[in-house]
Amino acid sequence: MSPASAPGKTLGRRAWEFEEKVVKEMEQQEAKKVMLSGIQPSGDLTLGSYLGAIKNWSSRAEQFDCYYFMADLHAITVRQDPALLRRRTLEQLAQYIACGLDPERNTLFVQSHVPQHAELGWVLNCYTMFGELSRMTQFKDKSAKNADNINGGLFTYPALMAADILLYQPDYIPVGEDQKQHVELTRNIAQRFNGIYGDVFKIPEPYIPKVGARIMSLTNPTSKMSKSDNGDTGRVTLMDDPAHIMKQFKRAVTDSDTQNCVRYDPENKPGVANLMTIYSAVTGKSMAEIEAEFDGLGYGAFKPAVGEAVVETLRPIREKAQRLIADKAYLEGVYRAGREKASYAAQKTLRKVYKKVGFLAP
Ligand code: TRP
């Protein structure tokens, strides 16, 4: 419809254009796709998760309606120290905000604050098969690692994860490779439920981001840098102080190349390639530029240069996280607002589910 023939003709051109803009914005808001992800508060975030994922999250809020939660219900499938779990949950929230996740534009909340997760989790347990749960590779891995505590929660964890997801009717679930199997199972559970009761759940897609570097351990460059590995030699976290970061980089594993050549060859020089990937991610330089920069200088110059670049990248993040951690009232405000928004959305789905399965209205 052209402005001239529009019903708003008498409004005058400026007013009409304004109205049109508002309507368009409202439509965009409604059409925004929903994205959700959960993160276990099991330790400080690593440089690997920052460069590989979180760094790119802040720009997502423009395009998607994003929910991120601290998965504390999941964390207790392995034994946790209560005071530490509480502290890490709060600190992880601070770290996310420090990385650029704006709480005004993303819904940030704590899983245990929204009881609908546990409630739908129970219901979905009854629509998830023993055989399906037995096939989950994470269950097999974790039960091998925690042989003295193979509890029921560890086994039924994927049904809770399905509830986490399906409550919010999301379009996309951004996850790493290791969680794809759980998202697949979530889709199967949702399809099974919908098959019995009609369209209750939206069927979500896994979302494997195109951008983001894959950062490996500094001491074992063929395995991923992880926050849950025992010992911290291969890892740098967002909260490490500069001296510690420098130490980690100075002792990073390279190779026995007698030329000490800084060359990008992930196959034959995985340690150097990993350091180059890190350096490239924090400086924006290409691999060719990095090779030229360190031509003839060797590892002795290269490793501390990577360390310094990482220190400068992480400095503002660490300082901001520290300021936020000191401001408990602010963080409480963030997770309370998040809980409110999340439970509103979650309750809408749960109410439908309870009705469908035949629970008497209270
Ligand atoms: N299982 C995920 C992990 O271990 C965390 C998680 C829990 C999650 N619920 C989720 C991720 C829902 C995405 C969506 O990393």
Side-chain angles (χ1 to χ4, degrees), residues 33-46 48-50 52-54 57 60 64-80 85 88-89 92-93 95-96 101 106-122 124-125 128 132-133 135-143 145-146 151 153-190 201-209 212 224-229 338 342 345-346 349:
K33 303 239 179 200
V34 176
M35 191 175 257
L36 164 137
S37 196
I39 311 94
Q40 293 202 38
S42 54
D44 286 333
L45 299 170
T46 68
S49 43
Y50 176 66
I54 308 164
W57 289 0
R60 260 186 209 161
F64 300 102
D65 191 6
C66 295
Y67 291 83
Y68 299 103
F69 63 94
M70 318 301 138
D72 55 352
L73 296 179
H74 286 273
I76 64 163
T77 54
V78 300
R79 213 57 87 218
Q80 300 284 340
L85 178 61
R88 281 175 167 168
T89 304
Q92 197 163 93
L93 174 63
Q95 288 169 35
Y96 281 118
L101 270 192
N106 296 275
T107 305
L108 308 177
F109 67 99
V110 178
Q111 187 185 24
S112 65
H113 292 179
V114 182
Q116 288 86 352
H117 288 249
E119 293 171 311
L120 183 63
W122 170 253
L124 295 185
N125 255 309
T128 308
E132 288 174 315
L133 293 171
R135 284 194 289 277
M136 295 292 116
T137 52
Q138 190 174 45
F139 171 69
K140 292 186 216 166
D141 290 351
K142 285 206 175 178
S143 44
K145 271 191 206 154
N146 302 284
N151 59 70
L154 196 63
F155 187 63
T156 60
Y157 168 124
L160 178 61
M161 179 158 162
D164 299 338
I165 294 172
L166 298 174
L167 276 175
Y168 299 93
Q169 309 281 355
D171 299 271
Y172 299 110
I173 309 300
V175 284
E177 212 39 57
D178 61 323
Q179 294 297 320
K180 255 172 86 177
Q181 198 186 22
H182 289 159
V183 178
E184 278 307 315
L185 178 59
T186 299
R187 290 165 55 88
N188 292 342
I189 297 170
F201 297 124
K202 182 173 254 174
I203 311 297
E205 305 273 346
Y207 178 89
I208 313 281
K224 203 176 115 180
M225 184 184 286
S226 147
K227 70 178 169 190
S228 52
D229 271 350
T349 303

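Both ligands and their constituent atoms are indexed starting at 1 by order of listing.
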Legend entry - NZ (Lys180) with more than 12 external heavy atoms under 6.0 Å: no

Legend entry - atom 1 (N) of ligand 1: the protein heavy-atom neighbour that sits closest, reported with distance to 0.1 Å: Tyr157 OH, 2.5 Å

Inset, instruction - Could you check whether the rings of His182 and Tyr157 sit parallel, tilted or perpendicular, using 30° and 60° as the cut-offs? - result: tilted

Inset, instruction - Could you tell me whether Phe69 approaches ligand 1 through its side chain, its backbone, both or neither, with non-hydrogen atoms closer than 4.0 Å? - result: side chain

Legend entry - Atoms of ligand 1, numbered as shown, that sit under 4.0 Å from any heavy atom of Ser37: 13 (C)

Legend entry - Interatomic spacing from CD1 in Ile39 to NE2 in His74 - rounded to 0.5 Å: 11.0 Å

Inset, instruction - Look at atom 6 (C) of ligand 1 and say which protein heavy atom is nearest, naming residue and atom and giving the distance to 0.1 Å. - result: Gly38 O, 3.7 Å

Legend entry - Parallel, tilted or perpendicular: rings of Tyr168 and His117 (30°, 60°): tilted

Legend entry - Best match, Gln179, Gln138, Met161, Met35: closest heavy atom to atom 15 (O) of ligand 1: Gln179

Inset, instruction - Give the numbers and elements of all ligand 1 atoms closer than 4.0 Å to a heavy atom of Ile165. - result: 12 (C), 14 (C)

Legend entry - His182 N/O under 3.5 Å from ligand 1 N/O: no

Inset, instruction - Please name the residue in the list Phe69, Trp57, Tyr68, Phe109 that meets the ring pair (Phe, Tyr, Trp, His ring centres under 6.0 Å) test with Tyr96. - result: Trp57

Inset, instruction - Starting from atom 9 (N) of ligand 1, locate the nearest protein heavy atom and write down its residue, its atom name and how far away it is, to 0.1 Å. - result: Asp164 OD2, 2.7 Å

Legend entry - Asp65 with Lys33: basic N within carboxylate O range, under 4.0 Å: no

